[in-house]
Amino acid sequence: MPHTKLSVSVKGKGFPILCLHGHPGSGDCMSVFTEHLSKRFRTIAPDLRGYGNSRTSVPFEMTDHLLDLEALLDRLGVDRCLVIGWSLGGILALELAIKYPHRVSGLILLASAAKPRGSHPPISWQDNLYTGLAGIINWVIPGWQWNIDSFARRSLFRYLIQQHTPTAYRYLAQAGTPAYLKTSNTATLALNTALRTGYDRLIHLDDIQCPSLVLAGEADRHITSASSLETARHLHDCQWQCYPNTAHLFPWEIPDRVIADIDRWIEKFPQAVGNCES
């Protein structure tokens, strides 16, 4: 299948950092990273095929994302980059490092795993009702504490967020809800098909030699912190961090702490951003 020309947001100058969102998601969801990192680096945040403004109604497979991303890097003249991946984006980051090791200088994986496992409980009609109400109200009045306390804490957001702060819900309103509405059925089908096959790339992680940072939320029910830790233990030269009282959307719960930890990791591994002299 031919590659898709992805919609992409490029900011800043310097060593390139490819920022890959999750499902549902879009490049805008990665603004929590790009707003900060673009002050020193060139951040590249695409909408993956079937997401955001890279929409398609043509069925595709998960491996097609790799063709799209390779073509994107070629189009932007990027020979080598650091890759940040959140959830599904982290899985694609691993796949890029396995398939194109010469193009990946480092990996930062958030709420992701090479053998993802979840612990999400069954969903009730009340869950869906409260989620719909909380999402709509939060979109209209982002971060309204009354809505958070009245509906959001009883909705499915309780499995995505542990710290129900206005900051986290403003991120949901600005990026999360629009991304959900613009995620296509073909993207959902491609992901579900891959998961049903029992996705497991643990034995292939030995092929990845670049430095990596794996971050997880302790209460993540979508991709458990245990599965993220398992991935970290299989990676060479890997640092691991698990944040207490956070879940799958922990970069939106504790953005300042996550960004500070990423900054420290980059300082410790300057080769991940092309600085081979340090």
Side-chain angles (χ1 to χ4, degrees), residues 4 6-9 18-34 45-66 68-69 72 84-93 95 109-113 116-121 123 127-140 142 151-152 155-161 168-196 199 216-217 220-224 246-253 255:
T4 293
L6 301 178
S7 175
V8 61
S9 172
L18 179 63
C19 302
L20 303 178
H21 64 78
H23 174 95
S26 71
D28 287 344
C29 293
M30 304 302 284
S31 65
V32 64
F33 309 109
T34 61
D47 295 341
L48 297 171
R49 186 189 302 203
Y51 299 87
N53 292 322
S54 300
R55 295 182 64 82
T56 179
S57 59
V58 179
F60 63 91
E61 298 179 355
M62 291 298 296
T63 51
D64 293 319
H65 288 307
L66 301 182
D68 298 342
L69 292 170
L72 173 67
I84 298 177
W86 187 354
S87 192
L88 167 63
I91 292 173
L92 294 177
E95 292 290 346
L109 311 178
L110 306 105
S112 193
R117 296 187 298 277
S119 60
H120 203 292
I123 298 173
D127 288 330
N128 287 325
L129 173 62
Y130 285 126
T131 304
L133 290 171
I136 292 170
I137 295 173
N138 188 61
W139 197 8
V140 177
F151 297 122
S155 75
L156 292 172
F157 292 140
R158 71 187 185 274
Y159 300 123
L160 291 166
I161 293 172
Y169 280 88
R170 279 193 286 268
Y171 276 114
L172 270 173
Q174 294 164 7
T177 299
Y180 172 80
L181 295 173
K182 296 183 76 173
T183 294
S184 67
N185 292 333
T186 52
T188 300
L189 177 62
L191 176 60
N192 289 340
T193 300
L195 291 176
R196 281 196 297 269
Y199 181 84
D220 194 334
R221 305 297 292 270
H222 291 262
I223 297 179
T224 65
T246 62
H248 197 64
L249 302 184
F250 68 85
W252 290 350
E253 297 185 77

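If you're wondering where the values come from, they're calculated on a predicted model, not measured in any experiment. Index from 1, following the sequence.
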Please assess Glu61 against Thr193 for the test side-chain contact (heavy atoms from CB on, under 4.5 Å), listing each intermediate value before the final yes or no. CA-CA 8 Å; Glu61 298 179 355; Thr193 300; over 6 Å; no
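Residues Tyr169 and Ile161 have side chains in contact (heavy-atom distance under 4.5 Å, counting atoms from C-beta outward). Thr63 has its side chain out of reach of Glu95: every pair of non-hydrogen atoms, C-beta onward, lies at least 4.5 Å apart. In this structure, Leu92 and Leu48 have side chains that are in contact, with non-hydrogen atoms separated by less than 4.5 Å. The side-chain heavy atoms of Phe157 and Asp127, taken from C-beta on, include no pair separated by under 4.5 Å. Considering only heavy atoms from C-beta on, Leu110 comes within 4.5 Å of Phe250 through its side chain. For the pair Tyr199/Pro116, a side-chain contact is recorded, criterion being any heavy-atom separation below 4.5 Å from C-beta on. Inter-residue side-chain proximity for Leu249 and Leu172 is flagged as met; some heavy-atom pair is nearer than 4.5 Å. Side chains of Leu20 and Leu69 form a contact here, defined as non-hydrogen atoms less than 4.5 Å apart.
One N or O on the side chain of Thr183 and one on the backbone of Ala179 form a donor-acceptor pair closer than 3.5 Å. A donor-acceptor pair is defined here as one N or O able to donate and one able to accept, closer than 3.5 Å; such a pair exists between the side chain of Ser112 and the backbone of Ile91. Remark: the backbone N or O of Leu191 is not paired with any side-chain donor or acceptor of His23 at under 3.5 angstrom. In this structure a side-chain-to-backbone donor-acceptor pair under 3.5 Å is present from Arg221 to Ser119. In terms of modelled atom types and a separation under 3.5 Å, the side chain of Glu253 and the main chain of Ala247 share a donor-acceptor contact. Formation of a donor-acceptor pair under 3.5 Å by the Ser54 side chain with backbone atoms of Gly50 is not found in this model. Remark: the backbone N or O of Tyr51 is not paired with any side-chain donor or acceptor of Ser26 at under 3.5 angstrom. Between the Thr186 side chain and the Thr56 main chain, a donor and an acceptor come within less than 3.5 Å of each other. Side-chain N or O atoms of Ser184 include one that pairs as donor or acceptor with a backbone N or O of Ala187 at under 3.5 Å.
Residues meeting the side chain to side chain contact (heavy atoms under 4.5 Å, CB included) test with Ser87, sequence neighbours left out: Ile223, His248. For the side chain to side chain contact (heavy atoms under 4.5 Å, CB included) test, residues two or more places apart in sequence or in another chain that qualify with Gln174 are Arg170. Shown here are the side chain to side chain contact (heavy atoms under 4.5 Å, CB included) partners of Ile136, two or more places apart in sequence or in another chain: there are none.
More than 12 heavy atoms of other residues, nucleotides or ligands sit less than 6.0 Å from atom CG of Asn192.
Electrostatic pairing of Asp47 and Lys182 does not count as a salt bridge here, judged by no charged N lying under 4.0 Å from a carboxylate O.
Going from atom CZ of Arg55 over to atom CG of Asn185 covers 8.0 Å, rounded to the nearest 0.5 Å. Taking CE of Met30 as the reference point, atom NE2 of His21 lies at 8.5 Å (rounded to 0.5 Å). In this structure, OH on Tyr171 lies 6.0 Å from OG on Ser31, to the nearest 0.5 angstrom.
Remark: the Arg117 side chain and the Thr224 side chain contain no N/O donor-acceptor pair separated by less than 3.5 Å.
Summarising the geometry of Pro46 relative to Leu72, their closest heavy-atom pair is CB-CD2, 3.7 Å, with the distance given to 0.1 Å. Nearest heavy-atom pair across Trp139 and Pro178 is NE1-CG, 4.4 Å. Between Gly90 and Leu109, the shortest heavy-atom distance links the atoms O-CD2, 3.6 Å. The minimum heavy-atom distance between Leu156 and His120, with the atom names listed, is CD2-CE1, 4.0 Å.
A perpendicular orientation is assigned to the rings of Phe33 and Trp86, their planes being inclined by more than 60° (bins at 30° and 60°).
Taking the six-membered ring for Trp, Tyr159 and His222 have ring centres at least 6.0 Å apart.
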